[in-house]
Q: 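Dropping a structure here in structure tokens format, bear with me for questions.
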Amino acid sequence: MPLSPQIEAIKNGDVEAFRTLVDDHSAQIHAYFASRLNDPSAVEDLTQETFIAVWKHIDRYEPIKEIGAWITGIARNKLLNHFRSRK
């Protein structure tokens, strides 16, 4: 399956395309963290960390998954790491 033009643009360093991706998915990721944490600061931090990881690792994205599912997977890993670091 070919990459969407937006993902191609992000892979090529297009910051505006990335901002659009963040705008499209940040509320969902924020809600994901907010439903699992009772710490607004951690929710904000983990949301930001998730999208930093998306930017850094967009070259690893393969279109076998919908981009939202891929981003949620990154968020899930961030959450697990957050819980591990608190122990």
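The analysis underlying the following values was restricted to heavy atoms, covering all of them including side chains, and did not include hydrogens, waters or symmetry mates. Index from 1, following the sequence.
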Q: Out of curiosity, does Ile58 fall in the hydrophobic cluster containing Val15 (side-chain heavy atoms, cut-off under 4.5 Å, transitive links)?
A: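 Yes; Ile58 is reachable from Val15 via cluster members.
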Q: Going from CD1 on Ile7 to CG on Asp14, what distance comes out if it is rounded to the nearest 0.5 angstrom?
A: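 The distance works out to 11.0 Å.
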Q: Please name the pair of heavy atoms, one in Ser26 and one in Thr47, separated by the smallest distance, quoted to 0.1 Å.
A: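 Scanning both residues completely, I find the closest heavy atoms to be O-CG2, 4.4 Å.
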Q: Find out whether Ile71 and Leu21 are in side-chain contact, i.e. whether some heavy atom of one side chain is under 4.5 Å from a heavy atom of the other.
A: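 They are in contact (side-chain heavy atoms under 4.5 Å apart), so the answer is yes.
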Q: Just so I know, are the side chains of Tyr61 and Leu3 near enough to count as touching, which here means a heavy-atom distance under 4.5 Å?
A: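 Tyr61 vs Leu3: side chains touch.
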Q: For Leu37 and Leu79, what are the C-alpha separation, side-chain angles and deciding distance, and is it a side-chain contact (heavy atoms from CB on, under 4.5 Å)?
A: CA-CA 9 Å; Leu37 297 169; Leu79 184 63; 3.9 Å; yes
Q: To the nearest 0.5 Å, what is the distance between CD1 on Ile29 and CG on Asp24?
A: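 Here the rounded value is 12.0 Å.
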Q: How many angstroms lie between atom CZ of Arg86 and atom NE2 of His82, to the nearest 0.5 angstrom?
A: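 Answer rounded to 0.5 Å: 4.5 Å.
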Q: Same cluster or not: Ile74 versus Leu80, using hydrophobic residues (I, L, V, M, F, W, Y) connected whenever any side-chain heavy atoms lie under 4.5 Å apart?
A: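 Ile74 and Leu80: separate clusters.
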Q: Nearest 0.5 Å, please: how far is OG in Ser41 from CG in Leu46?
A: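 OG of Ser41 is found 9.0 Å from CG of Leu46.
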Q: At their closest point, which heavy atom of Ala75 faces which heavy atom of Thr50, and how far apart are they?
A: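 Minimum heavy-atom separation between Ala75 and Thr50: CA-OG1, 3.7 Å.
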Q: Determine whether more than 12 heavy atoms belonging to other residues, nucleotides or ligands lie under 6.0 Å from atom CG of Asn12.
A: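 Yes, enclosed.
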Q: Can you see which heavy atom on Arg36 is nearest to which on Phe83, and at what distance?
A: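 Where Arg36 meets Phe83 most closely, the heavy atoms are O-CZ, 4.1 Å.
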Q: Mind checking salt bridge (Lys or Arg N to Asp or Glu O under 4.0 Å) for Arg19 and listing every partner two or more places apart, or none if nothing turns up?
A: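 Expected list: Glu16.
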Q: Between Glu66 and Gly68 (side chain of the first, backbone of the second, donor and acceptor by atom type, cut-off under 3.5 Å), is there such a pair?
A: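 Checked: pair present.
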Q: Tell me the ring pair (Phe, Tyr, Trp, His ring centres under 6.0 Å) pairs involving residues 12-46, sequence neighbours left out?
A: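 Listed by first then second residue: Phe18-Trp55.
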Q: Any luck finding a side-chain donor-acceptor pair between Gln28 and Thr72 under 3.5 Å?
A: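 Judged by distance alone, the side chains do pair up.
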Q: Tell me whether Gln6 contacts the main-chain N or O of Ala17 through its side chain, where contact means a donor paired with an acceptor under 3.5 Å.
A: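 Yes; judged by distance alone, with no hydrogens or angles, the pair exists.
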